[in-house]
Every structure is written in structure tokens, then in C-alpha cells.
Amino acid sequence: MKIPPPKSEAELIQRAENLKDRSLGELALLMNLKMPENFSREKGFIGQLLELVLGASAGSKSEPDFQTLGIELKTLPLKINGQPKESTYVSIVPLLSSSLIAWRESAVYAKLRRVLWIPYLFDKASHPQDWLIKAPILWSPSTEDERVLKNDWQELMSMVQMGELAQIDARLGEYLQIRPKGMNASARRQGLNEEGQAIATSPLGFYLRPEFTNKILMP
DNA sequence: GCGTGATCATGG
DNA sequence: CCATGATCACGC
């Protein structure tokens with residue numbers, strides 16, 4: 001079952017709204033996919049299932065999922081109280097960007113300028129096939145959201161570019177944080193030290209804090 | 001091997 | 001309980 005990409009934002013929204021109150025098992029059946037035996041391993045399954053169902057196209061590229069529409073797709077697991085259960089991965093942290101990057105030219109902005117959020121109820125008490133999809137939210141950051149995101153991004157990227165990797169941890173950033181993003185703790189990438197020399201470091205990613213995605217759910 | 005899709009697992 | 005740091009599968 002191959003779903004073509006949506007031709008317009010309106011078509012994408014309509015598709016997404018048709019998924020409301022449906023279960024993950026239904027969608028997997030529709031796409032002729034088997035639900036994973038071990039969900040704690042295939043962690044990306046739900047995101048990939050929704051990409052397929054909605055006709056997303058970017059694959060593993062560093063671009064928004066719906067390239068021609070400029071829209072990023074994000075699934076968002078909710079606790080039973082309706083609040084986000086986890087942070088949301090945005091993109092890899094560029095460790096070797098030699099020149100200064102403008103916020104609006106960044107991968108983070110490219111992905112966050114317009115996001116289709118698909119929330120779903122993550123409930124450990126039931127099987128993932130019974131988890132329900134909630135109403136989609138097509139979102140763009142408000143002026144104030146963008147101000148904070150840009151500020152976080154600039155402060156964190158400044159540290160990366162100044163070679164202050166040792167001082168970066170997940171406590172920095174109001175909405176946007178940096179955390180490891182690799183196969184495991186021994187994964188290595190090339191970064192810079194304070195002298196501008198190449199050093200080995202962990203691969204890092206930008207993540208949105210759950211406090212922020214909760215504001216998106218309850219504007 | 002790297003980036004995307006993310007969630008897991010433990011300490012405090 | 002929850003955030004931080006660690007981890008897993010897949011496509012290319």
C-alpha cells in the first residue's frame with residue numbers, strides 16, 4: 001500500500017483528521033504492516049507508520065517530511081493525563097559548521113516553521129495496537145515561541161562553534177535542549193575544542209522539551 | 001557509518 | 001515521578 005504525497009496542505013490536514021480516534025493496529029493493517037513484537041526495540045515504528053499513512057516523502061533526509069509543502073510530521077506520545085510523555089527530537093546538531101549560520105537558515109527552523117503534530121495516547125496498560133490517535137494539530141511557532149527557540153538555538157550553537165562541548169548538557173535551553181543522539185554512549189563524531197582543533201565527541205541532537213510541546217497542545 | 005524515526009532506563 | 005543520558009531499527 002503506497003500512499004502518494006498530499007498535493008496541498010488542505011489535503012494533508014484532511015488525511016490527518018481522518019486518522020483521529022483510529023488505533024495504531026488499524027493503521028498497520030491498512031498499510032499491510034505487522035505491529036512489532038518487541039516495541040521497546042522498534043522505537044521509530046509509530047513515526048514511520050504515520051509517515052506512510054500520510055504519504056510523507058523526505059525519508060532519512062535532513063528536510064521536512066513533506067518537502068514541497070514545507071511541513072514536518074511529528075508524532076507525539078501523550079500520557080493518560082493528556083500531557084506529552086517525551087521530548088521531541090528535531091535534528092542533529094551540526095558540530096563542524098565553520099561559518100556562522102542564520103537561525104532562519106538552520107535545520108531546526110526548517111523543521112519547526114510548520115509542523116503537523118499527530119498526538120496519540122501512550123498507555124502502558126494496553127497493547128500498542130490499541131493506542132488511539134488524537135486530533136492532529138497543524139502548527140507554526142508564534143512570534144514569542146520563535147523568539148525563545150531562536151535564543152536557545154543561538155546560545156547552544158554558539159557553544160558548539162566556540163568548542164565548548166564539554167559545557168553542554170541537557171539542562172541548557174528553555175524550549176530547545178541538546179542531548180546525545182547516537183547508537184550508544186561510545187558513538188563518536190568529530191567536533192571542535194576551544195582551540196578550534198578536531199576532537200571526538202558524542203553525536204548530539206536538538207530536542208524540544210515536553211513543557212514546550214504541551215503548550216502547543218493547550219494554546 | 002550517519003541521520004531519521006523516536007523511546008528506554010536509571011538516578012535523584 | 002521525571003529529566004537526563006543512553007539506546008534501538010531502518011534506509012541509503
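By convention in this document, chain letters (A, B, ...) are assigned in the order of the sequence lines, proteins followed by strands, and residues within each chain are numbered from 1.
- Judged by distance alone, with hydrogens and angles left aside, A:K181 brings no side-chain donor or acceptor close enough to the base of C:dG5 to form a pair under 3.5 Å.
- The shortest distance between side-chain heavy atoms of A:K85 and A:P210 does not fall below 4.5 Å.
- Contact annotation for A:E72: backbone-only contact, meaning every heavy-atom pair under 4.0 Å involves sugar-phosphate atoms and none involves a base.
- Separating the NZ atom of A:K43 from the P atom of B:dA9 is a distance of 7 Å, rounded to the nearest angstrom.
- Ion pair A:E174/A:R209 not flagged as a salt bridge, since none of the NZ, NE, NH1 or NH2 atoms sits closer than 4.0 Å to an Asp/Glu carboxylate oxygen.
- Between A:M159 and A:L165, every side-chain heavy-atom pair lies at or beyond the 4.5 Å cut-off.
- One finds a side-chain N or O of A:Q177 lying less than 4.0 angstrom from the OP1 or OP2 phosphate oxygen of C:dT4.
- Grouping the Ile, Leu, Val, Met, Phe, Trp and Tyr side chains by contacts below 4.5 angstrom, directly or via other members, places A:I118 with A:Y120.
- Taking 4.0 angstrom as the limit, A:K85 places none of its side-chain polar atoms (N or O) nearer than this to OP1 or OP2 of C:dC2.
- For residues 197-219 of chain A, proximity to DNA chain B is found at A:Y207, defined as any non-hydrogen atom under 4.0 angstrom from a strand atom.
- Of the residues in residues 152-170 of chain A, not one places a heavy atom less than 4.0 Å from an atom of DNA chain B.
- Rounded to a whole Å, the CZ atom of A:R179 is 14 Å from the P atom of C:dT7.
- Residues A:L176 and A:L208 are in side-chain contact: their nearest non-hydrogen atoms beyond the backbone lie under 4.5 Å apart.
- Between A:E146 and A:R104 there is a salt bridge, since a side-chain N of the basic residue sits under 4.0 Å from a carboxylate O of the acidic one.
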Checklist entry - Could you go step by step and tell me if A:E144 and A:R147 meet the salt bridge (charged side-chain N to carboxylate O under 4.0 Å, His left out) rule? => result CA-CA 5 Å; A:E144 172 63 7; A:R147 187 189 65 74; 2.9 Å; yes
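- With respect to A:R22 and A:E26, a salt bridge is recorded, a charged nitrogen being found less than 4.0 Å from a carboxylate O.
- In this pair, A:F39 and A:F45 present their aromatic rings perpendicular. The plane angle is above 60°, beyond the 30 to 60° band.
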Checklist entry - Could you go step by step and tell me if A:E11 and A:R15 meet the salt bridge (charged side-chain N to carboxylate O under 4.0 Å, His left out) rule? => result CA-CA 6 Å; A:E11 186 181 355; A:R15 287 186 191 180; 2.9 Å; yes
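- Atom CZ of A:F39 and atom C1' of B:dG5 are 12 Å apart (whole Å).
- Atom-to-atom, CD of A:E63 to P of B:dG5 comes out at 11 Å; the value is rounded to the nearest Å.
- Between A:R188 atom CZ and B:dG3 atom P the separation is 15 Å, expressed in whole Å.
- Listed nucleotides C:dC8, B:dC2, C:dT4 differ in distance to A:R189; the shortest reach to its side chain belongs to B:dC2.
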Checklist entry - Could you walk me through whether A:E72 and A:K74 pass the salt bridge (charged side-chain N to carboxylate O under 4.0 Å, His left out) check? => result CA-CA 7 Å; A:E72 172 74 6; A:K74 288 289 177 203; 3.3 Å; yes
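- A:R113 is linked by a salt bridge (Lys or Arg N to Asp or Glu O under 4.0 Å) to nothing, counting only residues two or more places apart in sequence or in another chain.
- Geometric assessment of A:K181 against the ring of A:Y89 yields a positive cation-pi assignment under the 6.0 Å and 45° thresholds.
- Between C:dT7, B:dT4, C:dC10, one nucleotide has an atom nearer to the side chain of A:E42 than all others, and that is C:dC10.
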Next on the checklist: Could you go through A:E63 and A:K111, starting from their C-alpha distance and side-chain angles, then the distance that decides it, and tell me whether this counts as salt bridge (charged side-chain N to carboxylate O under 4.0 Å, His left out)?
Outcome noted: CA-CA 7 Å; A:E63 297 170 24; A:K111 294 197 173 190; over 6 Å; no
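- Judged by distance alone, with hydrogens and angles left aside, A:E86 brings a side-chain donor or acceptor within reach of the base of B:dC8, the pair sitting under 3.5 Å.
- The side chain of A:K111 places an N or O atom within less than 4.0 Å of a non-bridging phosphate oxygen (OP1 or OP2) of B:dG5.
- Taken residue by residue, residues 74-84 of chain A places heavy atoms nearer than 4.0 Å to DNA chain B at A:K74, A:T75, A:P77.
- A:I118 places its CD1 atom 10 Å from the P atom of B:dA6, with the value rounded to the nearest Å.
- When heavy atoms are screened at a 4.0 angstrom cut-off, A:G44 is found touching base atoms of the nucleic acid.
- Whole-Å rounding puts the A:L176 CG to C:dA3 C1' distance at 16 Å.
- For A:R41 and C:dA9, the shortest distance from a side-chain N or O to OP1 or OP2 is below 4.0 Å.
- OP1 or OP2 of B:dT4 lies within a sub-4.0 Å distance of a side-chain N or O belonging to A:Y89.
- Rounded to a whole Å, the CZ atom of A:F66 is 14 Å from the C1' atom of B:dT4.
- Every residue was checked against the salt bridge (Lys or Arg N to Asp or Glu O under 4.0 Å) condition with A:D123, not counting sequence neighbours, and none meets it.
- Of the residues in residues 119-140 of chain A, A:Y120, A:F122, A:K124 come within less than 4.0 Å of DNA chain B through at least one heavy atom, sorted by number.
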